[in-house]
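So the structure is just underneath, and the comments pick up after that.
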Amino acid sequence: MAEIRIQTEPFAQGAELERFTEAVTGAGAVVSFTGIVRDEGGTLAAMEIEHYPGMTERAIGRIAAEAEERWHLSGCLVIHRHGPMRPGEAIMMVATAAPHRADAFAAAEFLMDYLKSRAPFWKREITAEGEAAWVAAKEEDEDALSRWQP
Amino acid sequence: MAEIRIQTEPFAQGAELERFTEAVTGAGAVVSFTGIVRDEGGTLAAMEIEHYPGMTERAIGRIAAEAEERWHLSGCLVIHRHGPMRPGEAIMMVATAAPHRADAFAAAEFLMDYLKSRAPFWKREITAEGEAAWVAAKEEDEDALSRWQP
Amino acid sequence: MIEVLYFAWVRERIGIPREKVETEAETVAELVGELAAREARYAAAFADLSALRVAVDQELADFDAPLKGAREVAFFPPMTGG
Amino acid sequence: MIEVLYFAWVRERIGIPREKVETEAETVAELVGELAAREARYAAAFADLSALRVAVDQELADFDAPLKGAREVAFFPPMTGG
């Protein structure tokens, strides 16, 4: 049921959210999350995301299927970019639709927590001075997963 | 800092989300929630929302100010309609922007929980048979507030 | 003189959205007592206070809240926004 | 014959994104041992296994996971999606 898109092209979160909402039926609540490249006060020139083609789709498909099992959802959307992107651009978005808001919120947070640490993406930041560095995984992102354990 | 709009006119959640996101600076995370009139399997013909002009703006302003105090936000938007609306139309939306996702999610859920039970709106449903009934407040909505107590 | 407002089914039951009330009531509860004593439709609207909420000057208040200086009191059912 | 993939700084350190490896290794750990013994760049990439994650046939796995039947093994740092 989930729609999953992995792409290099920029996307318009607003248009995606409208389209997603119109396509679902029975939803009373729609939650969206969009991750945006921060400019870190002008010090960040660009971000590059590497991914593992094949495994990415598989991992996200599994995460989305689990969200659909855990909560009563009307629909579920994940868009995640890879390749180069600029500050201010959307990196990815998730949207969840449900009859009731608690399900939509919980599923969106669950998707985000798992996408952060279990989908094979790696971010690299390029500073205004041209230095590139892989973004280190945050311990708090790993910790965030524990709240979803049964 | 929060933008608050109380209106009878329909609004386009996608366009509002785009506009909101472009206006904030420093955000790495944007969360939106949209409440939509359910059609309840075709049994609901319309919804009407009554509100308390003056108190509505005041109550939402206070709720948004508290969200901005509790979490590190880059911006905060609340749009809430009153008057008649049809199934499938957006009733209201909140959007929050923050450097980090946990703040954006928590603030959006906080806003929703308080808007549900502390902003002076009253929903009335009109069935396909033309019967009108005020929507009863849900105990679970009142309970949801307790998680935000210090 | 206090402006008294009614919303949702309270408004429907009493039949008017607002009225000016001459009162010496010192608390919301005293005002409710005066209103409920007026006519059956008021008595019906105020029959179960646990089903009602009150705002004094556009701030949620308790039924024992003082009315000194208040210009506007509103009665309504629990809110159902969002 | 197993296809071995490297991502992010593991790829950079080893210098190639993927390679075919002839191996009789029965577990991921044994494969890591064989690779690390090859050259300094491999040894450097596999110096701290706690900084690495592994996937076998595109599923996250442990370093003691068996390789029997596996066609693809990938090594990479902790993921940073979202």
Side-chain angles (χ1 to χ4, degrees), chain A residues 11-42 44 47 74 87-102 104-113 115-116 123 138 140-141 143-144 147, chain B residues 11-42 44 47 74 87-102 104-113 115-116 123 138 140-141 143-144 147:
Chain A
F11 64 90
Q13 57 164 343
E16 297 291 349
L17 182 59
E18 289 283 358
R19 191 187 51 73
F20 170 73
T21 302
E22 272 163 39
V24 297
T25 53
V30 176
V31 169
S32 78
F33 175 93
T34 306
I36 293 166
V37 183
R38 284 193 295 268
D39 74 350
E40 308 289 5
L44 187 74
M47 173 173 277
S74 315
E89 287 185 11
I91 302 168
M92 52 79 62
M93 79 179 281
V94 306
T96 54
H100 300 289
R101 80 182 186 287
F105 268 120
E109 292 196 67
F110 173 89
L111 287 169
M112 284 310 304
D113 284 352
L115 284 172
K116 280 269 168 193
K123 292 197 181 99
K138 292 197 202 96
E140 69 203 58
D141 284 333
D143 294 347
R147 62 173 159 159
Chain B
F11 64 89
Q13 58 166 341
E16 297 291 349
L17 181 60
E18 289 285 357
R19 190 186 52 72
F20 170 73
T21 303
E22 272 163 41
V24 296
T25 53
V30 177
V31 169
S32 79
F33 175 92
T34 307
I36 293 166
V37 183
R38 285 193 296 267
D39 74 350
E40 308 288 6
L44 187 73
M47 173 174 276
S74 316
E89 287 186 8
I91 302 167
M92 52 80 63
M93 79 179 282
V94 306
T96 54
H100 301 289
R101 80 182 186 287
F105 269 120
E109 293 198 64
F110 173 89
L111 287 170
M112 284 309 305
D113 284 352
L115 283 172
K116 280 270 169 192
K123 290 197 182 97
K138 292 197 202 95
E140 69 204 58
D141 284 333
D143 294 347
R147 62 172 160 159

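First the proteins, then the strands, lettered A, B, ... as listed; each starts at 1.
Each of B/F33, B/F105, B/F110 was checked for a ring-ring contact (aromatic ring centres under 6.0 Å, His included) with A/F105, and the lone residue meeting it is B/F33.
Between the CG atom of A/L17 and the CD atom of B/E16 there is a distance of 11.5 Å, given to the nearest 0.5 Å. Here CZ of B/R38 is found 5.0 Å from NE2 of A/H100. Values are rounded to the nearest 0.5 Å. For the atom pair A/R101 CZ and B/K116 NZ, the distance stands at 5.0 Å (nearest 0.5 Å).
Interface remark: A/A29 contributes backbone and side-chain atoms alike to the contact with chain B (heavy atom separation under 4.5 Å). Looking at B/A108, both its backbone and its side chain come within 4.5 Å of chain A, counting heavy atoms on both sides. Neither the backbone nor the side chain of A/A97 comes within contact range of chain B; no heavy atoms are under 4.5 Å apart.
For the set A/I36, A/D39, A/T25, A/V94, the entry with the most heavy-atom pairs within less than 4.5 Å of chain B is A/I36. Residue with the most contacts toward chain A among B/G26, B/A102, B/P99: B/P99 (heavy-atom pairs, distance under 4.5 Å). Top candidate by heavy-atom pairs under 4.5 Å with chain A, chosen from B/E40, B/M112, B/Q13, is B/Q13.
A heavy-atom distance below 4.5 Å is not found between the side chains of A/T21 and B/T34.
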